[in-house]
Amino acid sequence: MTLLEGLQVLVIGLGTVFLVLIALSGAVSLESRIFNLFVKNRKEAPAAEITAKQEEVTVINASAGELKLINVDERTAAMIMAIVSDESQIPLSELKFKYIKALD
Amino acid sequence: MTLLEGLQVLVIGLGTVFLVLIALSGAVSLESRIFNLFVKNRKEAPAAEITAKQEEVTVINASAGELKLINVDERTAAMIMAIVSDESQIPLSELKFKYIKALD
Amino acid sequence: MTLLEGLQVLVIGLGTVFLVLIALSGAVSLESRIFNLFVKNRKEAPAAEITAKQEEVTVINASAGELKLINVDERTAAMIMAIVSDESQIPLSELKFKYIKALD
Amino acid sequence: MTYSLTDTLLKIWEMSGFANATWQQLVMILVSFVLIYLAVVKHFEPLLLLPIAFGMLLANFPMTDLLAGPLGDQPGGLLYYIYQGVELGIYPPLIFLGIGAMTDFGPLIARPSSLFLGAAAQFGIYIAFLLALALGFSPEAAASIGIIGGADGPTAIWLTTKLYQDLLPAIAIAAYSYMALIPMIQPPIMRLLTTKKEREVKMVQLREVSKAEKIVFPVVVSTLCILLLPSVAPLIGMLMLGNLLRESGVTERLSKTAQNELMNIVTIFLGVSVGAKAVGEKFLQLETIKVIILGLVAFAFSTVGGLLLGKLMCWLSGGKVNPLIGSAGVSAVPMAARVSQIEGQKANPSNFLLMHAMGPNVAGVIGSAVAAGIFYALFGG
Amino acid sequence: MTYSLTDTLLKIWEMSGFANATWQQLVMILVSFVLIYLAVVKHFEPLLLLPIAFGMLLANFPMTDLLAGPLGDQPGGLLYYIYQGVELGIYPPLIFLGIGAMTDFGPLIARPSSLFLGAAAQFGIYIAFLLALALGFSPEAAASIGIIGGADGPTAIWLTTKLYQDLLPAIAIAAYSYMALIPMIQPPIMRLLTTKKEREVKMVQLREVSKAEKIVFPVVVSTLCILLLPSVAPLIGMLMLGNLLRESGVTERLSKTAQNELMNIVTIFLGVSVGAKAVGEKFLQLETIKVIILGLVAFAFSTVGGLLLGKLMCWLSGGKVNPLIGSAGVSAVPMAARVSQIEGQKANPSNFLLMHAMGPNVAGVIGSAVAAGIFYALFGG
Amino acid sequence: MTYSLTDTLLKIWEMSGFANATWQQLVMILVSFVLIYLAVVKHFEPLLLLPIAFGMLLANFPMTDLLAGPLGDQPGGLLYYIYQGVELGIYPPLIFLGIGAMTDFGPLIARPSSLFLGAAAQFGIYIAFLLALALGFSPEAAASIGIIGGADGPTAIWLTTKLYQDLLPAIAIAAYSYMALIPMIQPPIMRLLTTKKEREVKMVQLREVSKAEKIVFPVVVSTLCILLLPSVAPLIGMLMLGNLLRESGVTERLSKTAQNELMNIVTIFLGVSVGAKAVGEKFLQLETIKVIILGLVAFAFSTVGGLLLGKLMCWLSGGKVNPLIGSAGVSAVPMAARVSQIEGQKANPSNFLLMHAMGPNVAGVIGSAVAAGIFYALFGG
Ligand code: NA
Ligand code: NA
Ligand code: NA
């Protein structure tokens with residue numbers, strides 16, 4: 001390969017790197033703009049979310065809970081829930097467990 | 001393969017699944033029963049164990065502890081023991097540490 | 001292979017093991033001596049350390065007890081024992097460690 | 001070779017994906033986006049669906065050679081090598097090793113009759129198999145489709161690799177998606193097939209299971225299962241090895257690695273390479289739609305099977321067994337057991353079925369592995 | 001076979017390294033000692049240089065057969081097998097998987113123009129390529145040498161394995177060494193090319209980037225890059241898969257394993273086997289010296305490229321961009337960004353450029369992967 | 001193919017393990033139960049014996065094809081692939097990498113004469129070799145049997161794989177079992193060969209070893225050992241790489257992975273696949289009994305060798321060396337060192353030999369690797 005050809009590789013190579021990264025830059029900008037649109041539309045979103053939350057709570061009240069178990073097996077969780085219910089004299093249907101997490 | 005043959009596969013397949021899992025169920029029951037026999041024979045075993053435990057306790061009392069370190073490096077453990085001893089004004093020889101465990 | 005040849009393998013084999021490990025021993029000694037030269041030039045730091053060490057020595061000499069070390073290197077264990085003893089002002093001969101165990 | 005500007009740019013363009021994409025590839029890229037969305041936003045079994053979706057994405061970019069085998073001196077593509085662990089049947093048993101190390105079989109040992117439910121809830125496997133045959137699939141393909149009803153990803157992947165690799169991505173995706181959809185698929189069937197009275201049944205507490213029983217359990221299960229059905233050895237063998245490492249109490253470091261790092265590494269590799277098999281031309285076929293529909297049927301009928309036997313056991317036991325735990329027999333651990341719990345509590349707020357459903361739930365893992373072994377014995381090799 | 005004492009001792013001696021060492025091997029052993037020293041005492045990218053140095057040490061002991069391929073029934077040497085992951089192009093993408101899982105692309109998303117700097121800072125790649133051609137290297141060798149200027153170890157190793165394996169150890173060692181030397185290489189160039197006033201420029205705080213943007217980012221980047229340049233798929237694909245596992249928030253255990261255990265295992269294997277290719281006869285050539293010098297040139301000109309575009313952006317933006325962040329575009333994450341920070345603070349103690357430099361810094365990883373993909377498209381296969 | 005009910009059930013029965021088990025397989029299954037019992041209940045080196053025992057169990061179920069190689073299109077069995085890491089000599093060096101990363105060679109550096117004891121305690125290797133020859137074993141088999149006396153599992157497995165694979169499971173099981181039995185094997189010999197006065201000897205405190213010495217140590221050892229004995233490169237090389245990763249202080253994440261996850265993964269694979277080689281017909285031979293007896297002899301004579309040189313060193317040093325530390329030279333780290341400690345304390349309650357015994361203990365690892373290298377140089381290839 002002659003040096004001239006090498007120079008062409010330089011131009012083409014660096015050019016392509018720029019092309020690709022400029023394209024990327026455009027795509028990322030576009031992506032951000034699209035997301036920003038959503039965010040603006042959702043200016044009330046937090047409010048809506050809170051409502052949703054409350055509904056969830058109601059649902060949970062009727063069903064003893066959407067329960068996340070983190071590093072806890074179900075046996076232990078069940079035991080904990082039963083114990084808490086028993087100790088506190090509150091029926092399980094009225095107890096809300098957000099999550100049970102093992103410290104280990 | 002005709003549908004009739006397929007139906008035979010269904011019967012044989014599901015049948016075999018049942019056979020294997022029923023056999024397993026029997027084996028597990030048997031296993032449990034055998035272990036229960038042992039446990040019954042060892043009804044005094046817990047007692048003996050408790051005695052052993054108590055002896056151990058005595059030994060421990062005289063010897064500042066059988067110590068399990070769980071997720072704790074020794075340097076930290078030593079420090080903890082020293083601190084506890086210091087804070088509580090109880091000499092280490094009279095302190096019993098069952099285990100030191102890191103919550104992480 | 002005749003037994004006589006086998007005997008030669010024994011002599012050669014064990015001889016070579018000795019040769020290699022004696023060579024290693026020489027190399028390690030040499031290495032240490034070279035490093036000591038450097039260390040001597042840096043005299044004061046070791047002084048404090050040696051004092052600490054001597055206490056440790058005394059302590060350890062006075063120590064008793066069957067100790068299980070599980071996943072703990074002995075040097076660390078010795079250090080812990082010394083620290084605990086030192087902090088608690090109890091001679092090691094009166095401290096018994098059943099075992100020191102590191103879980104990771 | 002000349003490196004003139006225009007020529008080279010042209011060459012780069014000609015070799016680019018834009019110039020070479022088929023419509024199938026573009027569709028598949030969109031499909032992979034949808035799957036990424038489902039995994040990330042809808043939490044559809046993301047640990048496997050996300051790698052699968054990304055593998056699908058990668059494999060459908062044109063001209064990448066990621067899946068190309070070695071050619072003469074030239075080594076093969078990255079995904080070709082990673083896929084070997086699927087092709088040679090290595091990854092699924094290793095995943096089972098990890099699952100075994102994570103599973104507590106205590107509830108099953110405490111009530112061995114759970115295993116009956118774990119058997120009955122394989123019903124959908126055979127219904128789907130039959131329907132697939134009726135739709136013209138070969139027995140090998142029908143068996144692979146049926147196994148979706150086992151509700152066990154690694155088992156489905158393992159069997160499909162052995163019998164009919166063309167359907168691998170469709171079956172894997174269906175299996176994991178429906179596992180994620182268990183909370184939507186099962187409840188209507190559960191309410192349809194059980195009476196409110198049945199759903200209200202409270203079950204007596206499970207007995208304590210000793211450490212010794214738990215240690216012997218994996219040895220007993222592997223011995224009996226593999227003697228009865230040798231083809232099941234890689235799956236049941238590894239599952240039980242993992243469980244033995246867990247329960248023995250003397251190999252904790254091995255058990256931890258099996259259920260964490262080893263499993264995670266294999267999960268990434270398995271997911272990406274299974275997804276990578278979803279190349280447009282093969283995936284965008286009517287067959288795929290059929291697989292997806294049959295998979296749903298399989299899940300539904302497995303649920304039915306478990307529930308019906310649950311009802312029978314309820315009746316036979318004089319009302320001591322809540323039939324809702326039957327649907328947990330499909331496996332999909334622990335999702336299906338949680339569904340039983342929730343449905344039980346809806347009928348009777350003081351009802352706590354979770355532990356009782358865990359027995360059939362883990363039994364279902366064994367059940368579908370056995371079903372896979374039978375299919376392999378019948379149609380494999 | 002006779003086992004007389006003297007004969008056997010003689011045989012052992014004749015087969016020992018002492019009786020068989022070539023001067024090249026002895027020199028290489030010394031070189032490996034120097035590299036171990038640099039890694040351990042001078043902290044030259046020790047995570048890779050230490051394994052590389054040790055691999056070099058092992059490979060240059062005579063008569064070990066560590067690198068020998070299998071022969072008939074006899075299996076190959078240990079390093080032969082470990083090297084397969086390099087030979088087949090598997091390790092570098094897996095390292096990229098881990099890097100992706102470790103990288104926060106937030107600063108780049110907040111300011112997409114960072115990508116321009118990440119492009120400009122590949123300048124040195126092409127300068128070194130041209131000089132290498134001028135020095136008589138083949139295009140394949142020149143491309144491999146040039147890629148050192150990408151300041152990215154795995155990328156350099158990946159490309160060199162594909163194009164010109166003979167230079168692998170020299171290029172890998174140069175790449176990692178110069179990455180470690182960034183704090184010495186860059187500052188003089190930075191001060192030479194920028195005015196004090198430019199270096200004093202304070203940049204406005206980056207906007208907050210939402211979780212959703214971060215999740216979509218890896219999908220967008222991989223789609224666009226791989227469609228434009230299919231050859232870049234293994235590197236960019238795995239980098240972005242790792243990043244997706246990280247940002248999705250639903251695959252944390254996979255992300256952690258990718259960036260820790262899997263990456264560590266691969267790092268050990270990659271390092272040792274790359275080092276093992278530095279066998280005396282091949283390494284102790286004038287070529288190696290040339291590679292090392294050209295590598296330095298590549299690093300310097302990449303720095304220059306980033307700085308010059310930084311100056312242009314400073315001027316175009318009316319002084320809102322500090323050109324010092326341009327040099328971070330070489331990648332060498334996060335070292336080069338730290339250098340930008342330090343130099344900025346020297347000019348103006350209240351200047352805090354780190355976050356601003358992180359954008360070009362991570363863009364540089366993409367930039368050099370793209371450059372490698374172009375070289376592979378031009379000269380590979 | 002017809003799928004009549006009775007035919008298919010018959011087929012399943014005919015292919016079941018019950019219909020195909022040989023008596024050897026049944027005996028081996030029982031043997032594996034015994035080994036599981038020893039590992040779990042008696043704590044016989046469970047980290048390796050439990051996987052070995054389970055591998056043995058799996059391999060002796062009839063008709064599983066777990067060990068079958070690939071045949072045409074059909075891939076091989078799971079254990080066939082996992083076994084490749086043993087067959088190709090990859091696993092044992094990787095285990096040594098982990099052991100190196102876990103080992104503190106400080107006590108050996110503080111007292112280099114420990115290495116003499118580490119050499120003397122290989123005595124049993126050669127005694128067992130000689131006896132094996134006398135019993136009619138080939139030199140390759142005799143060497144493999146002898147290496148049991150090295151009291152080092154990976155070394156024994158590595159050498160046996162190279163020289164005489166038929167004996168692999170017997171040798172591996174013997175090695176690990178006797179390592180677990182060290183507290184029973186050594187004390188009687190120790191009391192027999194030493195006087196009470198010798199056992200009471202207190203040793204002076206070891207000097208502090210600097211970080212620098214510890215870092216240089218692995219480099220020195222690997223250089224010298226591998227130059228003297230190139231065949232030892234995979235074992236000593238990886239052992240010392242692991243130690244360098246540990247001691248360098250700059251590659252902690254690599255060191256941790258080497259000693260934890262990587263080692264655990266390899267341990268599972270190594271154990272299961274070594275155990276899987278214990279197929280009934282080959283294992284239930286008179287040879288196995290011989291191996292087990294010769295292994296015990298090897299352990300005993302290695303202990304004797306260490307003790308005798310310990311006595312000599314005691315005498316030469318004018319009573320400054322307690323000969324009890326000699327038996328720790330067999331390796332079996334750290335069990336044998338603990339036995340020295342316990343026996344020393346029985347003789348003199350204020351005696352604390354543990355640190356002094358650690359030197360010979362870790363020297364024994366090097367010693368048996370060297371012995372294995374010599375055997376491989378003499379009989380391998
Ligand atoms: Na199932
Ligand atoms: Na770069
Ligand atoms: Na040894």
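Letters A, B, ... are given to chains in the order of the sequence lines, protein chains preceding strands, and every chain is numbered from 1. The structure displayed is predicted, hence computed values, not measured ones.
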Which region of [X], side chain (C-beta onward) or backbone (N, CA, C, O), has a non-hydrogen atom less than 4.5 Å from a non-hydrogen atom of chain E, or is it both or neither?
X       : result
D/Leu71 : neither
D/Leu58 : side chain
D/Leu57 : side chain
D/Ala19 : neither
D/Asp73 : neither
D/Phe33 : side chain
D/Val41 : neither

Nearest-0.5 Å distance that lies between atom [atom1] in [X] and atom [atom2] in [Y]:
X        : Y        : atom1 : atom2 : value
E/Leu254 : D/Ile268 : CG    : CD1   : 5.0 Å
E/Leu244 : D/Phe54  : CG    : CZ    : 6.0 Å
E/Leu229 : D/Met63  : CG    : CE    : 11.5 Å
D/Gln74  : E/Leu88  : CD    : CG    : 11.0 Å
E/Leu228 : D/Phe61  : CG    : CZ    : 10.5 Å

Minimum heavy-atom separation for [X] and [Y], please, with both atom names.
X        : Y        : result
D/Leu78  : E/Gly89  : CD1-O, 4.1 Å
E/Arg253 : D/Gln259 : NH2-O, 2.6 Å
D/Ala39  : E/Val250 : O-CG2, 4.0 Å
D/Gly17  : E/Pro230 : N-CG, 3.8 Å

Quiz item: Using a cut-off of under 4.5 Å for heavy-atom pairs, which of E/Val216, E/Thr223, E/Thr161, E/Ile215 has the most such pairs with chain D?
Solution: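 So the answer, after comparing E/Val216, E/Thr223, E/Thr161, E/Ile215, is E/Thr223.
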Practice problem: Could you tell me which of D/Leu79, D/Asp65, D/Leu66, D/Ile82 has the largest number of non-hydrogen atom pairs under 4.5 Å with chain E? | Solution: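 Most heavy-atom pairs under 4.5 Å with chain E: D/Leu66.
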Quiz prompt | Which of D/Ile12, D/Ile36, D/Asn20, D/Val40 touches chain E most, by non-hydrogen pairs under 4.5 Å | solution =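 With the most close heavy-atom pairs to chain E, the winner is D/Val40.
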Quiz item: Would a 4.5 Å heavy-atom cut-off, applied to side chains only, mark D/Phe269 and E/Leu94 as touching?
Solution: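 When only atoms from C-beta onward are counted, E/Leu94 and D/Phe269 do touch, with a gap below 4.5 Å.
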Quiz item: Any side-chain heavy atom of E/Leu227 sitting closer than 4.5 Å to one from D/Pro62?
Solution: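 Answer yes - side chains close enough.
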Exercise. From the options D/Asn264, D/Asn260, D/Thr267, select the one residue that forms a side-chain hydrogen bond (donor to acceptor under 3.5 Å, both in side chains) with E/Thr257.
Key: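 Per the side-chain hydrogen bond (donor to acceptor under 3.5 Å, both in side chains) rule, the option paired with E/Thr257 is D/Asn264, out of D/Asn264, D/Asn260, D/Thr267.
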Quiz prompt | Criterion side-chain contact (heavy atoms from CB on, under 4.5 Å) on D/Glu261 and E/Lys256, from CA distance to verdict | solution = CA-CA 9 Å; D/Glu261 291 78 18; E/Lys256 271 178 142 179; over 6 Å; no
Practice problem: Please indicate whether D/Met102 has more than 12 foreign heavy atoms, meaning atoms of other residues, nucleotides or ligands, lying under 6.0 Å from its CE. | Solution: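 Check passes, neighbour count above 12.
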Quiz prompt | Over 12 foreign heavy atoms within 6.0 Å of CD, D/Glu281 | solution =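 Atom CD in D/Glu281 is crowded, with more than 12 foreign heavy atoms closer than 6.0 Å.
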Quiz prompt | Heavy-atom proximity to chain D below 4.5 Å, by part of E/Met238 | solution =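 E/Met238 touches chain D through side-chain heavy atoms alone.
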